[in-house]
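Have a look at the structure below before the remarks.
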Amino acid sequence: METPPLSELLAIRRQKLQALRSQGVDPFGAAFAVSGSVAEVVAAFQEAALVQVAGRITAYRDMGKSRFLDISDIGGRIQIYFNTKELDESTVAATAQLDIGDFLGVEGTYFTTKTGEQSIRASRLVVLSKSLRPLPDKWHGVQDPEICYRQRYLDLIANDSSRTIFKQRIAIMREIRRFLEARGFLEVETPMMQAVPGGAAAEPFKTHHNALGMDMFLRIAPELYLKRLLVAGFPKVFELNRNFRNEGVSRRHNPEFTMLEAYWAFADFEKMSELVEEMICDLAEHIDVGPVIEHRDDEGNVMRTINLARPWRRAAYRDLIEAAVPGWFALDLAGKRQRCAELKLDISHCEAEFEVTQHVFEKLVEEKLIDPCFVTHVPKELVPLAKLNDKDPSSVDVYELIINGQEISPGYSELNDPDLQRERLEHQAGGEKQCLDEDFLEALEYGMPPAGGIGIGIDRLVMMLTGAASIRDVILFPHLKARAEK
RNA sequence: GGGUUGGUAGCUCAAUGGUAGAGCAGUGCCCUUUUAAGGCAUUGGUUGAGGGUUCGAGUCCCUCCCAACCCA
């Protein structure tokens, strides 16, 4: 097969690679002992002290005999100064083969430049890895969203805003674990491959286990296994990991996404709502964005302001709809359909009355709830697996936390009556017996304590907290269509 | 799935249907405290892919691929 000629830029880098080798320099060097990460080295500045640092060259300013270069890693940048007269000949020769993008190890002493920048005066330079491709523009970064998503490493090298979001995401994940563990919740791991995909209504990914000779499914939720652990006697458990749903991809959907589920024995949905409220405020504080979060557009204009100040609002589903569409619940189905037509709402996909009402809720209530609101007294048809409300058996004991016009977290008083649970699951499965997790139903018969449960879609939570416009901006490697062969 | 917008040099972007350009990066030269370093010179293109219209297509038409946004 004919290989296309390398572009000039790639060819030049290959030549430099050869030049280094012919100078006796290994262009893909060995381990290099550093004093710390770039950020740690910056923080440890002490005039004239000896220091070792390594990182990628992200800028090179050649003044003749004096040269400056920036060394960066994901957490920081530091300026290196060297004078060709202060280095041995072979090192100076190697510097001629350096490019922006190469990994370099530096030994030197801390010093402050004329302009006051804390830097390192290099006494030794070691090529650690030659970069064979040019990096994106140092000033404009990567603007092409396709490159950002397909080659996230370039996005992270070039775009500070992206680095910030992912550092925030990491901080959020760490703080969720710390927050829950501090309150006695134990983190557990349950199967991602399940014989019966349960705990939610969604299309699963299907796979096959050869040795066991059985079809399996990637989980759509961990719920039914976490509840087995309530049966086992764990009073407080949580799982923070991936779910998979074989559905559409959009600004708000990635086929694999991160979910927090937590269960608290002997608690209820109200106690869970307090836990979630406290936790999300704590997270906002930990990434220095709360309690008032501003979402900005590309030009930096504030598009939306979310106020997380406590206490958060709590409102009943019916009351919110009545406030948006007065007289709604007095209408019969035909009247409701008529009203939707007047409101220019497309309800062609809705059949049952509760579906029409739910559409009104989504369009006229949910999308407009920007500040946090726990929606309570949700119709039982929408949440088949929760406990019925004592006073109003047409609704269930759950909350749906809405922030930024999106459902961020549902919370339940979990159903623990095994017979009722079977009835509901059978109804949900529409008579398809193979969709019932009989093993789970058997576990419930041994007795599950009453419990509060929550789920939080972490990707959407991160979007809300960081102001990211797309789920792809908060997932390191989002799924895109395979690209045609180059 | 439908609609809209886009895909041009490594990156960021230009280009009435009429010679494909700029900045950065790169290459060469100069410069001992620069930091979007600077000065002078200079290389680099299958304009997403394939058809069509035309004397002539990055530009107009058709098909396809990829992406973003909106809708379902």
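Reminder, nothing fancy here: chain letters follow the sequence lines and each chain counts from 1.
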Next on the checklist: Which residue is it: Thr466(A), Ile408(A), Leu260(A), Val474(A)? I am looking for the one with a side-chain contact (heavy atoms from CB on, under 4.5 Å) to Leu461(A).
Outcome noted: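 Among Thr466(A), Ile408(A), Leu260(A), Val474(A), the one that satisfies the side-chain contact (heavy atoms from CB on, under 4.5 Å) with Leu461(A) is Ile408(A).
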Next on the checklist: Using the side-chain contact (heavy atoms from CB on, under 4.5 Å) definition, which of the options Met463(A), Met464(A), Glu366(A) pairs with Gln406(A)?
Outcome noted: Met463(A)
Suppose we define a pair by two distances each less than 3.5 Å, Watson-Crick or G-U wobble; what does [N] pair with here?
| N | value |
| --- | --- |
| U8(B) | none |
| U32(B) | none |
| G1(B) | C71(B) |
| A25(B) | none |
| A49(B) | U63(B) |
| G17(B) | none |

Item to check | With Glu256(A), the salt bridge (Lys or Arg N to Asp or Glu O under 4.0 Å) member among Arg242(A), Arg245(A), Arg219(A) | outcome: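 Checked Arg242(A), Arg245(A), Arg219(A) against Glu256(A); only one passes salt bridge (Lys or Arg N to Asp or Glu O under 4.0 Å): Arg242(A).
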Item to check | Note: Lys206(A)-Asp215(A) ion pair, threshold 4.0 Å (strictly below) | outcome: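 A salt bridge links Lys206(A) with Asp215(A).
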Choosing from [options], which nucleotide comes nearest the side chain of [X]?
| X | options | answer |
| --- | --- | --- |
| Asp99(A) | A68(B), U27(B), U32(B) | U27(B) |
| Asp62(A) | A72(B), C31(B), C70(B) | C31(B) |
| Ser470(A) | G26(B), U33(B), C69(B) | C69(B) |
| Asn83(A) | A68(B), U32(B), U33(B) | U32(B) |
| Trp139(A) | U32(B), G26(B), A36(B) | A36(B) |
| Lys481(A) | U32(B), U43(B), A67(B) | A67(B) |
| Arg150(A) | U32(B), U34(B), A67(B) | A67(B) |

Checklist outcome for this item: RNA chain B nearest-nucleotide lookup for Lys85(A) and Ser348(A): closer to the 5′ end is Lys85(A)
Next on the checklist: With side-chain hydrogen bond (donor to acceptor under 3.5 Å, both in side chains) as the test, pick out the partner of Tyr317(A) among His377(A), Glu400(A), Gln358(A).
Outcome noted: Gln358(A)
Mind checking [X] for me? I need base, sugar-phosphate or nothing, with any heavy atom below 4.0 Å counting as a touch.
| X | value |
| --- | --- |
| Arg251(A) | sugar-phosphate |
| Leu480(A) | sugar-phosphate |
| Phe111(A) | base |

Checklist entry - Given atom CG of Asn254(A) and atom P of A67(B), what is their separation to the nearest angstrom? => result 13 Å
Checklist entry - Starting at CD1 of Ile12(A) and ending at P of U42(B), how long is that distance when rounded to a whole Å? => result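 Nearest whole value for this atom pair: 17 Å.
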Give a yes/no answer on whether the side chain of [X] brings an N or O atom under 4.0 Å of OP1 or OP2 in [N].
| X | N | value |
| --- | --- | --- |
| Arg472(A) | C69(B) | yes |
| Arg61(A) | A37(B) | yes |
| Lys16(A) | U27(B) | yes |

Nearest-angstrom distance, [atom1] atom, [N] to [M]:
| N | M | atom1 | answer |
| --- | --- | --- | --- |
| G2(B) | U12(B) | C1' | 33 Å |
| A25(B) | G38(B) | P | 7 Å |
| A36(B) | G26(B) | P | 16 Å |
| U46(B) | G58(B) | P | 13 Å |
| C61(B) | U43(B) | C1' | 37 Å |
| A15(B) | A22(B) | P | 15 Å |
| U34(B) | G18(B) | P | 47 Å |
| U63(B) | A68(B) | P | 22 Å |

Next on the checklist: So Ile12(A) and Asp99(A), do their side chains get closer than 4.5 Å, heavy atoms only?
Outcome noted: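 Of all side-chain heavy-atom pairs linking Ile12(A) with Asp99(A), none is under 4.5 Å.
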Checklist entry - With distance as the sole criterion, do the side chain of Glu117(A) and the base of U33(B) form a donor-acceptor contact below 3.5 Å? => result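 Looking at the base of U33(B), it does not pair with any donor or acceptor on the side chain of Glu117(A) (distance under 3.5 Å).
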Next on the checklist: I'd like to know if Ser66(A) reaches the base of U34(B) with its side chain, counting only an N/O donor and acceptor under 3.5 Å.
Outcome noted: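 Not at all, since no donor on one side and acceptor on the other fall under 3.5 Å apart.
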Item to check | Pair Ser470(A), Asp473(A): side-chain N/O donor-acceptor within cut-off below 3.5 Å | outcome: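 Result is no, nothing qualifies.
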Checklist outcome for this item: The reported gap from CD1 in Ile147(A) to OH in Tyr153(A) (rounded to nearest 0.5 angstrom) is 9.5 Å
Checklist entry - Mind checking whether Phe68(A) and Tyr81(A) have ring centres under 6.0 Å apart? => result yes
Next on the checklist: Strictly under 4.0 angstrom, non-hydrogen atoms only: write out the protein contact profile of nucleotides 2-12 of chain B, one letter per nucleotide from the 5' end, B, S or -.
Outcome noted: --------BBS
Checklist entry - What class does the angle between the rings of Phe269(A) and Tyr399(A) fall in, given that below 30° is parallel, 30 to 60° is tilted and above 60° is perpendicular? => result tilted
